[in-house]
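Heads up: the structure comes next, in structure tokens.
Every heavy atom of this structure was used, including side-chain atoms; hydrogens, water molecules and symmetry mates were not. Below, read A as the first sequence line, B as the second, and so on, with proteins coming before strands; counting in each chain starts at 1.
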Protein chains: 2
Amino acid sequence: MNKEITIYDIAKVVGLSPTTVSRALSNHPRVKENTREKILNTAKNMGYQSNIFASSLRKKRSKSIGVIIPKLNSPFQSSVLAGMEEIATQAGYNLIISQSTESLEKEVSNANTMFNSRVDGLLVSKAGTTDNIEHFAPFFKKQIPVLFFDRVPEDNNCTGVVINNTQAIYDATSHLIKEGCKRIVHVLGNLKINVYSDRLKGYKYALLDHGLAFKEENVITNDLGEESGDRIVEKILKLKPRPDGLLVSNDACAASCLMALKKKK
Amino acid sequence: MNKEITIYDIAKVVGLSPTTVSRALSNHPRVKENTREKILNTAKNMGYQSNIFASSLRKKRSKSIGVIIPKLNSPFQSSVLAGMEEIATQAGYNLIISQSTESLEKEVSNANTMFNSRVDGLLVSKAGTTDNIEHFAPFFKKQIPVLFFDRVPEDNNCTGVVINNTQAIYDATSHLIKEGCKRIVHVLGNLKINVYSDRLKGYKYALLDHGLAFKEENVITNDLGEESGDRIVEKILKLKPRPDGLLVSNDACAASCLMALKKKK
DNA sequence: TTGAAAGCGGTACCAG
DNA sequence: CTGGTACCGCTTTCAA
């Protein structure tokens with residue numbers, strides 16, 4: 001059984017104190033260049049591996065950041081994740097990830113796990129049905145930074161990063177209108193989610209600014225899936241007069257709608 | 001400054017030893033039901049949060065699993081990740097993820113980070129260019145389980161999980177042949193990667209079994225991107241006689257090829 | 001069923 | 001620039 005090498009072992013070998021070894025290993029400035037090199041070398045030779053548990057225990061920091069997102073296998077979320085990973089790694093942080101699968105219950109459980117894992121910070125994109133955020137209270141209380149992104153809570157005390165969803169859909173709608181569309185159907189998800197309610201605003205504003213009337217029946221909500229194309233197209237085809245434009249708030253769903261429409265032809 | 005509550009604080013309050021408190025909190029069987037309940041209650045009331053650093057230090061286990069994949073924002077990889085997360089969470093493990101972005105250098109660095117984070121196990125899908133695996137040696141030496149998936153090393157001493165790539169492409173090729181294709185172009189990635197070399201085998205076998213000749217010029221390798229459609233189509237159109245079937249080993253690239261082909265029409 | 005005490009392996013504080 | 005030592009908070013013997 002090969003025992004772990006500790007700084008004490010190194011200290012004995014180089015004839016210095018554990019303190020100095022510790023300092024050398026963490027690049028503390030007040031160690032003679034010579035000494036540090038000797039320590040670093042013997043550490044390498046002895047196959048030393050720093051014990052992050054002991055270090056974290058003492059320093060009370062985990063050097064890890066928690067991430068809670070609705071779905072890992074979402075093109076958007078996973079590309080955001082890729083960016084997070086890059087920056088976190090650069091800064092010497094680990095990323096601990098979990099998904100809520102759009103369930104509040106799981107989000108609560110994930111938040112608890114993250115808290116118990118003592119992450120130094122938390123990045124969250126809410127589950128669709130989450131309308132309270134008291135499961136993050138322990139973080140707030142302990143002053144652990146919580147940053148929401150994309151799907152942010154209504155609560156104004158929370159820090160969040162979002163794109164300008166309203167403007168984006170305003171632009172998209174305006175584009176369709178300029179292309180000659182008069183009856184644009186807008187398909188979006190749960191309006192409890194800021195992402196979709198903001199987009200709906202953009203849609204409405206664009207209609208208004210171009211002198212088109214907003215009609216409730218042209219908005220289809222709460223059904224954004226990779227397989228919901230058929231259902232959506234069904235609804236659209238029932239509308240009279242028939243719509244001449246379609247704006248879908250989700251790539252996969254848009255593709256599904258396209259396929260469904262092709263079938264109908 | 002609110003100090004952390006420890007098992008000692010709880011012990012004092014309930015008038016028992018830290019040992020018993022520890023046992024109660026970790027559901028050790030040899031604690032009287034009464035005692036345990038009392039401890040659990042006061043723990044909750046006092047706002048106790050177990051210190052996972054101390055626990056890990058003592059138990060020498062992190063209850064976390066490392067994951068290294070080429071790209072986080074890949075539909076395939078992220079859906080695998082979703083499955084891993086589900087199971088890991090169920091089992092009380094955290095997932096620490098990182099991406100190599102197809103670079104050996106980063107993969108090495110990620111492996112080191114994971115090792116230093118003392119993950120209890122490691123899940124790896126290799127970067128394309130990785131042809132040695134000595135950066136995982138510390139894991140092997142310390143008997144930390146390393147499981148490769150999808151992109152596995154050649155080394156037979158490694159445990160790996162793969163789909164039957166050969167059979168899959170054999171079936172796909174056979175399908176095209178049955179549809180009447182005689183000159184099928186196969187587009188795939190770096191042949192150093194098992195995924196692609198296995199698929200190439202399947203392609204060859206299928207041609208053989210259906211009495212078609214294999215031609216080197218019908219295989220396009222090393223260019224699988226979301227934007228490589230134009231280049232690939234360029235190559236295809238130069239072939240004489242013109243191919244009548246196309247088999248692309250990657251969804252995004254296949255879509256890109258379709259678009260490029262449409263433009264050419 | 002419960003307890004005392006010795007670690008786990010670093011880091012921080014206070015000296016020198 | 002270097003060292004002694006207490007301590008972070010939990011778990012694990014060994015003992016009762």
*Using the salt bridge (Lys or Arg N to Asp or Glu O under 4.0 Å) rule, collect all pairs that involve residues 112-124 of chain A, keeping only residues at least two apart or in two chains.*
R118(A)-E4(B)
_Salt bridge present between E86(B) and K106(A) (N-O < 4.0 angstrom)_ = no
*Under the salt bridge (Lys or Arg N to Asp or Glu O under 4.0 Å) test, which residues partner K60(A), sequence neighbours left out?*
none
_Neighbours of DNA chain D within residues 33-45 of chain B, by heavy-atom distance under 4.0 Å_ = none
*Taking only residues two or more places apart in sequence or in another chain, which ones pass side-chain hydrogen bond (donor to acceptor under 3.5 Å, both in side chains) with R36(A)?*
E33(A)
*CG of N27(A) versus P of dC1(D): gap in Å, rounded?*
14 Å
_Give me each pair satisfying ring-ring contact (aromatic ring centres under 6.0 Å, His included) with a member in residues 97-116 of chain B, each pair once, sequence neighbours excluded._
F115(B)-F139(B)
*Does anything in residues 29-57 of chain A pair up under ring-ring contact (aromatic ring centres under 6.0 Å, His included), and if so which pairs, sequence neighbours excluded?*
none
*asked:* Going by side-chain hydrogen bond (donor to acceptor under 3.5 Å, both in side chains), name the residues that satisfy it together with S109(A), two or more places apart in sequence or in a different chain.
replied: none
*Provide the start and end nucleotides, 5' to 3', of the part of DNA chain C that has atoms under 4.0 Å from heavy atoms of chain A.*
dG9(C) to dC13(C)
*Treat primed atoms plus P, OP1 and OP2 as sugar-phosphate and everything else as base, then score nucleotides 8-16 of chain D 5' to 3': B for base contact with protein heavy atoms under 4.0 Å, S for sugar-phosphate contact only, - for none.*
BBBBB----
*Name all pairs fulfilling the side-chain hydrogen bond (donor to acceptor under 3.5 Å, both in side chains) condition that reach into residues 64-85 of chain A, sequence neighbours left out, sorted by first residue then second.*
S62(A)-S64(A), Q77(A)-S125(A), E85(A)-T89(A), E85(A)-Q99(B)
*asked:* Suppose we screen for side-chain hydrogen bond (donor to acceptor under 3.5 Å, both in side chains). Which residues come up paired with E154(B), at least two apart in sequence or across chains?
replied: none
Check: residues 188-195 of chain A side-chain donor-acceptor pairs under 3.5 Å, at least two apart:
residue : atom : partner : partner atom : Å
N190(A) : OD1  : K192(A) : N            : 2.8
N194(A) : OD1  : V152(A) : N            : 3.1
N194(A) : ND2  : D150(A) : O            : 3.0

